[in-house]
Amino acid sequence: VQAKELLNNCVLFGSLQDDIAQRMKETFDLEFLKTSTLDQFGVRCDPHHPCVILPVTANSCVLSVKKMVSHLQQEDVVGSLKETFIPRTGPTSVFGLDTIAATTTEVVLTSSEVDAMAVSQETRRPAIALPKGFSSLPQEALPSLERFKTIILWFGDDVRAWEAAKLFSKKLGSKRCHIIRPSIDDPGPVTALTQGLKLSTILNKARPISHDSIVSFAQLRQEVLSQFLHSEQVAGVKWKRYPVLNKLLKGHRRGELTVFTGPTGSGKTTFMSEYSLDLCMQGVNTLWGSFEINNVRLGKMMLTQFAQKNMAKNLDMFDIYADHFQNLPMYFMTFHGQESIKKVVDAMSHAVYVHDIAHVVLDNLQFMMGAGGSEWSDRFMKQDSIVAACRKFATYMNCHVTLVIHPRKEKESEDLTTASVFGTAKATQEADNVLILQDKRLTSVRGRKYLQVTKNRFDGELGL
Ligand SMILES: Nc1ncnc2c1ncn2[C@@H]1O[C@H](COP(=O)(O)OP(=O)(O)O)[C@@H](O)[C@H]1O
Ligand SMILES: [Mg+2]
């Protein structure tokens, strides 16, 4: 209802005076789009405010809108376009579906609305866009895409886009997915247009996403080049709050397994909460499995870390922070205490499929295994099988898994090492990263607490 009202208060670009329409396009970097293209996609604007509305519709019915407000009048603020979704829960379908005839069987899927409009305008080929960029493909959108026999994914020259394309093609069915391989010669639609390239030429380079078990270097070549060109992106997402971690680990990458240990009470859960929140706030879709403390307690802690305020003393601001927090791609599994690894992996797989999860945190392995009075050899075997399941999951789902494991009982005066992780050596052998929270407060009054990287498969750099 709110989305519809907003649309009703706004007008199509075609009904604006030419100079006003032009100014609006300039404000929102839409100069390369014709008014007729914007109108075709139902894009509207508020003639009195710098505000553009991008609707997601199905059968002429408005499902949601993306509202873009510009703060460009304040000259000191550069490029500040604020985007919000109405309703807050976000889009449930793709942008541009209503511009396509019912009989059409081929479509170009882009990662932004402007890209889709550029493709449609320049090539006359049907085009749609993911309203949340390549961070997610809404599960609810899948049925409406079923009718297409061919879907061409054109996400541009970006390593993350390439990863997303491979992930989404699994979801859409790789048989019908074609892809424009990322390369500097074939950038995204809007970039291509501004560089004066012919969009139809690039579009003709679309090839099926190959899913054979054997590839030649020729097929990998573009991807290898792209990795060299974007080494920063290959290194992963950087933490905002942990510069030293960035220096050592270079970033947080998909498909890796991290083992995290530290003495009881040293603050593993607290740290893991902030560590994952930091990444989540930068668009790393996160799934938490908190087997030790319940989700309400975790949520309370995380909201405090998010607000960087004592919420109990700032309850009047609860709604403001909670509203923002709610929009983060953060999900929680409802397991608590002992749980079978099969059920947990099932839930994790489902979440990757539905919510495009890129990071799963399991806190912690001992609670997940339960106390159980079994023999130590049984426990070691059980633990190894959980580690193996996590390793396999991380690799095959291309999702980062962080596993918190208690250390074995050792003399408190000694530093923990990679070998202190409970169980057999399997956990640290399988892990790409091993992080240890050292806590010297336990043995010395002035002792400090610090994080140590004792294994780093990405480039081997270790440190404190
Ligand atoms: N950096 C920190 N500064 C102050 N207190 C902390 C810090 N990290 C954790 N704590 C407190 O220490 C206690 C134990 O933390 P927790 O994260 O549950 O440890 P663990 O998961 O290692 O057992 C909690 O009461 C928590 O509030
Ligand atoms: Mg804990």
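Keep in mind the model is a prediction, meaning the values are calculated, not measured. Counting starts at 1 for both ligands and their atoms, in listed order. Positions are given from 1, in the same order as the sequence printed here. Heavy atoms only: backbone and side chains are in, while hydrogens, waters and symmetry mates are out.
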Looking at atom 5 (N) of ligand 1, tell me if a protein heavy atom falls under 4.0 Å from it.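 Under the 4.0 Å cut-off, atom 5 (N) of ligand 1 has no protein heavy-atom neighbours at all.
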
Any protein heavy atom under 4.0 Å from atom 9 (C) of ligand 1?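 Yes, there is a protein heavy atom closer to it than 4.0 Å.
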
Among all protein heavy atoms, pick out the one at the shortest distance from [atom]; state its residue, atom name and that distance to 0.1 Å.
{"atom": "atom 19 (O) of ligand 1", "value": "Gly267 N, 3.0 Å"}
{"atom": "atom 27 (O) of ligand 1", "value": "Thr270 OG1, 4.4 Å"}
{"atom": "atom 20 (P) of ligand 1", "value": "Lys268 N, 3.4 Å"}
{"atom": "atom 3 (N) of ligand 1", "value": "Lys449 NZ, 4.6 Å"}

Ignoring hydrogens and geometry, is there a side-chain-to-backbone donor-acceptor pair from [X] to [Y] under 3.5 Å?
{"X": "Lys132", "Y": "Pro91", "value": "no"}
{"X": "Asn285", "Y": "His355", "value": "yes"}
{"X": "Arg88", "Y": "Gln326", "value": "no"}

Determine, considering heavy atoms only, which of Pro263, Ser266, Gly265, Gly262 sits nearest to atom 13 (C) of ligand 1.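 Of the listed residues, Gly265 has the closest heavy atom.
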
Closest candidate by heavy atom, reference atom 18 (O) of ligand 1, pool Thr304, Ile293, Asp363, Thr269: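 Shortest heavy-atom distance from atom 18 (O) of ligand 1: Thr269.
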
Pair [X] + [Y]: basic N to acidic O under 4.0 Å:
{"X": "Asp459", "Y": "Lys250", "value": "yes"}
{"X": "Lys67", "Y": "Glu83", "value": "no"}
{"X": "Arg379", "Y": "Asp384", "value": "no"}

Could you tell me which N, O or S atom of Glu292 is nearest to the Mg ion (ligand 2)?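 Looking at Glu292, the N, O or S atom with the least distance to the Mg ion (ligand 2) is OE1.
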
To the nearest 0.5 angstrom, please state how far the CG atom of Asp415 sits from the CD atom of Gln438.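 It is 4.5 Å, given to the nearest 0.5 Å.
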
Beyond-backbone contact of Ser169 with Leu153, side-chain heavy atoms, under 4.5 angstrom: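 Side chain of Ser169 against side chain of Leu153, heavy atoms only: contact under 4.5 Å found.
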
Report yes or no: does Asp363 have an N/O/S atom closer than 2.8 Å to the Mg ion (ligand 2)?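 So Asp363 does not count as coordinating the Mg ion (ligand 2).
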
Does Met272 bring an N, O or S atom to under 2.8 Å of the Mg ion (ligand 2)?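 For Met272, the answer is no, given that no N, O or S atom comes within less than 2.8 Å of the Mg ion (ligand 2).
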
